[in-house]
Amino acid sequence: MLQQHKDMIQMNKEGWNKVAGQFFEGSFERLSYGTYAPSEEELNLLGTVADCAILEVGCGSGHTLEYLAKRGARELCGVDLSGAQIETARQVVSKLDTPVVLVEAPMEEMSELPENYFDKAVSIYALGWTVDLPRTLSHVHRSLKPGGIFVFSWEHPVHSVVEYSDEVLKFRRSYVSESFERHEAWRGTPIVMHNRKVSTFINALIGAGFVIDAVIEESEVDEGDTVNPAKWYSGAKARIIPSTLIIKCHKSRVEGEAS
Ligand SMILES: C[S@@+](CC[C@H](N)C(=O)[O-])C[C@H]1O[C@@H](n2cnc3c(N)ncnc32)[C@H](O)[C@@H]1O
């Protein structure tokens, strides 16, 4: 791996360990794909999870693992960069009967995952943190069984470039120029994000060998939503731009065949 990538992963690991406490949330009642996004209960992208082996990339504090376990998943594996997140996830999954393996590792370095093993993989608001999208997707693809499903959500790349100020939506940077963006104090800590277009996610999935089943760009905003429009996620913004991008894809059943 490039030294530049290693440095960014290290910086983000330190950052995530500091901010993890701000993300210890989630529910096993409902699988949320993100603020203002339709939920799994509405979309049914994962389908039945009973008796499935499932990988979660960027599992955070483990609530999605708990959700999957409570719906009958046979075994689970959660990978996350942050030791603080993994520690909370360990407490959350310790109450479950389902076997759960937790791995503290960057998603760019998941080469130890078993091959052709998981029935499904999921990633909620985590995949976009990767500093090497093709490499991460190749690990996910390799670890899935033929026909295995991968569903991920991430902040919609258009939402990421637009901010609401003075009652107007403004582009704060270029959508087309993709680059690493260093935030000196993201939630109070330095961190690096990679700006990507929607097409970059789609083309990287195709490049890794996935077949795309669905791309979802829907917002669900209550009529009476009065969240301050200047907040990063607000109903006013989500009525105009989807806050979340959700993609469902699968590994083809026959090697090299897009079906
Ligand atoms: C916004 S949180 C989402 C967590 C969880 N999926 C959820 O829905 O609550 C993003 C997660 O990605 C993890 N993460 C960031 N960069 C990562 C990387 N390179 N490899 C693995 N995990 C990473 C963070 O530690 C964090 O737990």
Side-chain angles (χ1 to χ4, degrees), residues 1-2 4-37 39-40 45-46 54-69 76-93 100-113 120-140 143 150-156 159-160 180-183 186-187 189-196 204 232-233 243-246:
M1 188 186 286
L2 296 172
Q4 185 206 14
H5 286 175
K6 286 186 186 164
D7 293 345
M8 287 190 280
I9 290 171
Q10 184 56 32
M11 180 185 220
N12 285 355
K13 185 177 174 72
E14 286 163 22
W16 270 102
N17 281 336
K18 283 192 195 131
V19 304
Q22 300 174 34
F23 288 84
F24 291 162
E25 55 185 34
S27 162
F28 61 83
E29 306 286 349
R30 183 174 166 273
L31 201 166
S32 168
Y33 283 114
T35 317
Y36 297 115
S39 67
E40 171 61 12
L45 298 175
L46 285 170
I54 307 178
L55 167 70
E56 185 181 6
V57 179
C59 63
S61 50
H63 292 93
T64 301
L65 295 170
E66 184 180 17
Y67 170 95
L68 297 168
L76 297 164
C77 175
V79 178
D80 202 283
L81 178 65
S82 155
Q85 293 281 57
I86 288 286
E87 195 38 52
T88 310
R90 206 174 294 291
Q91 289 163 28
V92 169
V93 304
V100 184
V101 175
L102 292 171
V103 184
E104 182 184 329
M107 63 178 91
E108 298 84 347
E109 294 288 349
M110 299 189 296
S111 51
E112 304 291 307
L113 290 177
K120 303 186 181 191
V122 63
S123 182
I124 312 239
Y125 266 72
L127 185 70
W129 282 102
T130 181
V131 299
D132 190 335
L133 185 60
R135 188 179 168 104
T136 298
L137 291 176
S138 73
H139 294 317
V140 178
S143 74
F150 178 42
V151 178
F152 78 88
S153 69
W154 181 244
E155 183 170 279
H156 195 288
H159 187 278
S160 306
F180 289 106
E181 189 175 8
R182 195 185 149 114
H183 297 261
W186 180 79
R187 292 181 177 245
T189 183
I191 216 145
V192 186
M193 290 186 189
H194 195 304
N195 301 319
R196 298 182 177 95
W232 187 247
Y233 293 108
S243 54
T244 302
L245 171 69
I246 309 170

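Counting convention: from 1, in listed order, for ligands and their atoms alike.
Comparing S32, G58, A84, A126 against atom 5 (C) of ligand 1, the shortest heavy-atom distance belongs to G58. Taking only non-hydrogen atoms, the option from L127, L81, T130, D80 nearest to atom 13 (C) of ligand 1 is D80.
Ligand 1 has an N or O atom lying under 3.5 Å from an N or O atom of I124, backbone or side chain. Among the atoms of M107, some N or O lies under 3.5 angstrom from an N or O of ligand 1. Taking distance alone, with nitrogen or oxygen atoms compared against 3.5 Å, W129 stays at or beyond that limit from ligand 1. In terms of polar-atom proximity, S61 is not counted as a contact of ligand 1, lacking any N or O under 3.5 Å from an N or O of the ligand.
Nearest heavy atoms, L65 versus G78: CD1-CA, 4.2 Å. Contact between G128 and R196 at its shortest, heavy atoms only, is O-NH1, 3.1 Å. The two residues T130 and H194 have their closest heavy-atom pair at O-CB, 4.2 Å.
Near P106, meaning under 4.0 Å from any of its heavy atoms, are these atoms of ligand 1: 20 (N). Every atom of ligand 1 is numbered from 1 in the order shown, and the set under 4.0 Å from a heavy atom of S82 is 25 (O). Listed by number with element, the atoms of ligand 1 under 4.0 Å from a non-hydrogen atom of Y125 are 1 (C), 2 (S), 3 (C), 10 (C).
The closest donor-acceptor contact from the side chain of E40 to the backbone of L45 lies under 3.5 Å.
Residues R90 and E104 are not paired through a salt bridge, judged by the lack of any N-O separation under 4.0 Å between the basic side chain and the carboxylate.
Proximity of the aromatic rings of W232 and H159 is defined here by a centroid distance below 6.0 angstrom, and this criterion is met.
Within the 4.0 Å heavy-atom cutoff, A105 counts among the residues contacting ligand 1. Residue contacts with ligand 1 include E56, since one of its heavy atoms falls under 4.0 Å from the ligand.
In H63, neither the side chain nor the backbone holds a heavy atom less than 4.0 Å from any atom of ligand 1.
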Side chain to side chain donor-acceptor pair (under 3.5 Å) between E155 and S160: does it pass, once the steps are laid out?
CA-CA 7 Å; E155 183 170 279; S160 306; 2.6 Å; yes
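With S123 as the partner, the side-chain contact (heavy atoms from CB on, under 4.5 Å) test is satisfied by one option alone out of V151, V57, T136: V57.
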